[in-house]
Number of protein chains: 2
Amino acid sequence: MPYTTKQQQAILACLERKQGQPLSAADLAAELRQDGSPVGLATIYRQLERLESTGCIHKINTEQGSYFQYCTHAEDGAGCLLLKCEGCGRIVHLDCSYLQPLYEHLEQEHHFTVDRRRTLFTGLCADCRAREERHASE
Amino acid sequence: MPYTTKQQQAILACLERKQGQPLSAADLAAELRQDGSPVGLATIYRQLERLESTGCIHKINTEQGSYFQYCTHAEDGAGCLLLKCEGCGRIVHLDCSYLQPLYEHLEQEHHFTVDRRRTLFTGLCADCRAREERHASE
DNA sequence: TTGAGAAATGAGAATCATTTTCACATTATA
DNA sequence: TATAATGTGAAAATGATTCTCATTTCTCAA
């Protein structure tokens, strides 16, 4: 029977504290070290995998590796999405009701159940778009 | 001044031939080897990067690495999306008009321009969902 | 044509996130 | 307490991607 270790608690607590902010395994390691409760990377990956499989957190894949986020509610993510800017690398988290009809359509017409907590759009934020345009006009 | 090499042509031709089917760099290498025109992996990555920056192809990030797809038209992707099944790993490509209002909303309200060719939803296809349910009920 | 210089190529080394291994520590339960 | 199960972390292994550099291929002006 599994039991709870202080590493597990520290990892989950850290993710909760940073809610809405995607963290990489390395980010987590750094955070935990700062908090005075360092945890080995192997353990961090193991725990992240476990937390993900139980639905406590969700994983987002990007070019530079994976990021993890705490899920507040069971139904969290129903209309939530992430935007990743290709310019500055930032990941922004927001809610949007426009996703609902799309998900329903995919479910009914294409028999595909979207994992709503892992939706990630790639593109450009306003700042980076402006920078690109300036660049192009030179 | 850049010139065209047979490796470049072979890579692009292969991507065109496999349209709608995302290929990894390794897939491409295997294809090209079979075609009798083997190309080094370093070159494949270099060319994929170039083709992506010119907009000829687009890149999709997954847990297992990146995949690349040929873009038919400049405006391709306006309503196209990719579904990646977490169960079987398949990537399905389809068109869907439900994306349009969402993109417009993100553009106007959140000042975020989505790169429409890189939209990827993660979830479960019908087959894998059925399998999961069978599993859970045991 | 020729040859200097610009680009491209590919084998292998380097990198970096992630996973695995394994000896050891911790906890549960008999 | 003894013992089996599980968790931990350092170090090694893995695998995708990138870098290095010697070599090849092209371009273009003389």
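Residue numbers begin at 1 in each chain, while the letters A, B, ... track the order of the sequences.
Among the nucleotides dG9(D), dT17(D), dT18(C), the one closest to any side-chain atom of Leu41(A) is dT18(C). Taking only side-chain atoms of Ala25(B), from C-beta outward, the nucleotide of dT17(D), dG10(C), dG7(D) with the closest atom is dT17(D). Which of dT8(D), dA11(D), dT20(D) sits closest to the side chain of Gln7(A) comes down to dT8(D). In the set dA8(C), dA17(C), dA10(D), dA17(C) carries the atom at the smallest distance from any side-chain atom of Tyr45(A).
Between the C1' atom of dT18(C) and the CG atom of Asn61(A) lies a distance of 12 Å, rounded to the nearest Å. Atom-to-atom, CZ of Arg46(B) to P of dC21(D) comes out at 14 Å; the value is rounded to the nearest Å. Put simply, CZ on Arg33(A) is 12 Å from P on dG9(D), counting in whole angstrom units. One can place CG of Leu23(B) at 15 Å from P of dA16(D), the figure rounded to the nearest angstrom. In this entry the distance linking CD of Glu63(B) with C1' of dG15(D) reads 14 Å, nearest Å. Residue Leu51(A) contributes atom CG, which lies 14 Å from atom C1' of dG7(D) at whole-angstrom precision. Across the protein-nucleic acid pair, Gln64(B) atom CD and dA16(D) atom C1' stand 11 Å apart, rounded to whole Å. Rounded to whole Å, the distance from NZ on Lys59(A) to P on dT18(C) is 7 Å.
The side chain to side chain donor-acceptor pair (under 3.5 Å) check on Arg129(A) picks up Glu107(B), Thr113(B), with sequence neighbours excluded.
Within the 4.0 angstrom heavy-atom criterion, only backbone atoms of the sugar-phosphate kind lie near Ser66(A); the bases stay farther away. Here Gln47(A) lies in heavy-atom contact (under 4.0 Å) with sugar-phosphate atoms only.
Taking the charged nitrogens against the carboxylate oxygens, Arg118(A) and Glu86(B) do have a contact shorter than 4.0 Å, which makes a salt bridge. Look at Asp35(A) and Arg17(A) and you find a salt bridge, because one of the NZ, NE, NH1 or NH2 atoms lies within 4.0 Å of a carboxylate O, short of that distance.
Surrounding CD of Gln9(A) are more than 12 heavy atoms belonging to other residues, nucleotides or ligands, all under 6.0 Å away.
A donor-acceptor contact under 3.5 Å is not formed by the side chain of Arg50(A) with the base of dG7(D).
The residue among Tyr67(B) and Thr5(B) whose nearest nucleotide of DNA chain D is located toward the 5' end is Tyr67(B). Each of Lys6(B) and Ala42(A) has a nearest nucleotide on DNA chain D; the 5'-most of these lies closest to Ala42(A).
Ring pair His105(B)/Tyr98(A) is parallel by interplanar angle, where below 30° counts as parallel and above 60° as perpendicular.
Thr43(B) has no side-chain polar atom (N or O) that falls below the 4.0 Å cut-off from OP1 or OP2 of dA8(C).
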